[in-house]
Structure formats: C-alpha cells, structure tokens
Number of protein chains: 2
Amino acid sequence: MHKVNLLAEASKVSELWGRVTPLKFNDYDVHVNRIKGEYVWHTHADTDDVFLVLSGRMIMQLRSGDVELEPGDMFVVPAGVEHCPKADEETVIVCIEPRDTAPAGDPEI
Amino acid sequence: MHKVNLLAEASKVSELWGRVTPLKFNDYDVHVNRIKGEYVWHTHADTDDVFLVLSGRMIMQLRSGDVELEPGDMFVVPAGVEHCPKADEETVIVCIEPRDTAPAGDPEI
C-alpha cells in the first residue's frame with residue numbers, strides 16, 4: 001500500500017511511448033505513458049480502454065473523427081472501436097487496462 | 001463516446017459525500033465525489049478500491065496509520081483492508097469501483 005503521484009511517475013519513463021505501471025487493482029493495471037507523435041491504429045476486441053491526460057494534449061483519433069483531450073480529461077474507447085492516439089507535443093497520459101492487455105491491441109488475423 | 005473533464009464533473013455534485021458517475025468501462029464505474037469531513041470506517045471484502053485526488057487534500061485513514069493524498073496522487077486500498085476517507089477542506093476525488101459496489105462497504109454481519 002503506497003500512494004503514487006501519477007505525473008511524477010512519468011519521469012521514470014525513459015523513452016517516448018514507454019510506460020511504467022505504478023499501481024494495480026483487482027485484475028487491472030494503471031499505466032503512465034509518455035507520448036509524442038502518432039501511435040498505431042488498433043482495436044481491443046475484449047476490453048474498453050481508459051485514457052486520462054495528465055499533461056500536454058492528446059488527440060484520440062477515431063474513424064468517426066478526432067477527440068482532443070486536455071489535462072483532467074478522461075475518455076473511454078469502447079471494446080471493438082479502432083483508435084490511434086496522437087500527440088503533437090510531449091504528453092503524459094494514464095491508461096487503465098486489464099492486466100496483460102497488449103498495448104497495440106489484438107494482432108491482425 | 002464522449003470525453004469527460006473529471007474536475008468539472010464535481011460541479012454537478014450537489015452535496016458533500018455525493019457523487020456523479022460520468023464514465024463506465026467494462027464492469028467498472030468512475031465516480032467523482034465531493035468530500036469534506038470524515039466518512040465511515042468500512043471494508044470491501046471482494047474488491048480493491050481506487051482513489052485519485054483531483055483537488056484539495058484527502059487523508060486516507062487506515063488502521064496502520066494515515067496517508068495524506070494531494071492532487072494527482074492515486075491510492076489503492078486492497079480488498080479486505082478497513083479504511084475511512086477524511087478531508088479537512090472540501091476535496092474532489094475520483095473513485096473507481098466495480099459496478100454496484102456499496103460506497104460504505106459490506107454490511108456488518
């Protein structure tokens with residue numbers, strides 16, 4: 001049992017698109033990610049995907065359009081919805097996912 | 001699919017210790033709570049309990065001692081651990097819990 005300052009955790013992430021996992025609850029992990037640039041389009045078939053922006057600004061690209069997220073904004077990508085995070089500046093986000101969820105989603109078949 | 005500014009949600013909470021539930025993911029709810037004063041000592045036997053402070057300051061009272069939480073601090077109370085949130089000033093927190101978790105924990109038997 002220990003408290004975690006989420007933003008401070010970002011300093012432990014050595015490279016962009018890297019992450020640390022400072023907390024776990026039940027069968028979920030809480031990840032802190034440093035991002036800049038564009039990730040890859042992907043889908044999680046079996047789980048919703050939770051994002052919270054701590055600093056900077058993230059664009060959640062969806063096939064239906066972009067959603068701009070600023071610090072304090074939370075967004076849930078429903079299971080099965082294709083998405084691609086992007087950030088023009090360095091941005092720190094929290095992702096909450098079931099343990100062992102592949103970051104880039106399900107492999108294409 | 002909509003973004004939610006967590007701190008802004010607090011303005012929709014009409015009374016202290018009240019809450020709104022602006023987001024859901026899988027079988028979990030994301031609650032935003034306004035708190036001040038002391039809650040009740042309680043335990044969740046079957047789930048960890050996730051807290052994130054957005055503004056103000058929360059004291060998580062545990063039988064093993066107090067933990068002070070400031071904005072950006074996250075804390076997980078493991079299942080089965082008795083706890084009692086307290087705030088000397090008005091504080092806004094996020095709680096993440098499995099849907100239908102009783103806020104005050106399991107009834108005493």
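Below, chains carry the letters A, B, ... as their sequence lines are ordered, and counting in each starts from 1.
- Ile59(A) is not connected to Leu62(A) by any chain of hydrophobic side-chain contacts under 4.5 Å among Ile, Leu, Val, Met, Phe, Trp and Tyr, and they are in different clusters.
- The residue among Met74(B), Lys24(B), Glu70(B), His2(B) with the most heavy atom pairs within less than 4.5 Å of chain A is Met74(B).
- Val13(B) and Ile96(B) fall within a single hydrophobic cluster, where Ile, Leu, Val, Met, Phe, Trp and Tyr are joined by side-chain heavy atoms under 4.5 Å apart, directly or via other members.
- Considering only heavy-atom pairs separated by less than 4.5 Å from chain A, the leading option among Val30(B), Thr47(B), Val67(B), Asp49(B) is Thr47(B).
- Counting non-hydrogen atoms of other residues, nucleotides and ligands closer than 6.0 Å to CG of Asp100(A) gives a total of 12 or fewer.
- Looking at Val76(B), both its backbone and its side chain come within 4.5 Å of chain A, counting heavy atoms on both sides.
- Of the listed residues (Leu23(B), Leu52(B), Asp46(B)), the greatest number of heavy-atom pairs within a distance under 4.5 Å of chain A belongs to Leu23(B).
- Linking ILVMFWY residues whenever their side-chain heavy atoms come closer than 4.5 Å, directly or via other members, places Tyr39(B) and Phe75(B) in the same cluster.
- Proximity to chain B is limited to the side chain of Val50(A), based on heavy atoms less than 4.5 angstrom apart.
- Both the backbone and the side chain of Val4(B) come within less than 4.5 Å of a heavy atom of chain A.
- Contact annotation for Val94(A): neither backbone nor side-chain heavy atoms come within less than 4.5 Å of a heavy atom of chain B.
- Interface remark: Pro71(A) contributes backbone atoms only to the contact with chain B (heavy atom separation under 4.5 Å).
- For a residue to count as touching a neighbouring chain, one of its non-hydrogen atoms must lie under 4.5 Å from one of that chain's; by this rule Tyr28(A) touches chain B with the side chain only.
- Neither the backbone nor the side chain of Leu54(A) has a heavy atom closer than 4.5 Å to any heavy atom of chain B.
- In this structure, Val20(A) is not a member of the same hydrophobic cluster as Leu16(A), with clusters built from ILVMFWY side-chain heavy atoms closer than 4.5 Å.
- The contact between Leu6(A) and chain B is made by backbone and side chain atoms together, counting heavy-atom distances below 4.5 Å.
- Between the side chain of Asp48(B) and the backbone N or O of Asn26(A) there is at least one donor-acceptor pair closer than 3.5 Å.
- Minimum interatomic distance between Lys3(B) and Glu68(A) (heavy atoms only, all atoms of both residues): NZ-O, 2.7 Å.
- With a 4.5 angstrom heavy-atom cutoff, Val53(A) does not touch chain B via any of its atoms.
- In this structure, Phe51(A) is not a member of the same hydrophobic cluster as Trp41(A), with clusters built from ILVMFWY side-chain heavy atoms closer than 4.5 Å.
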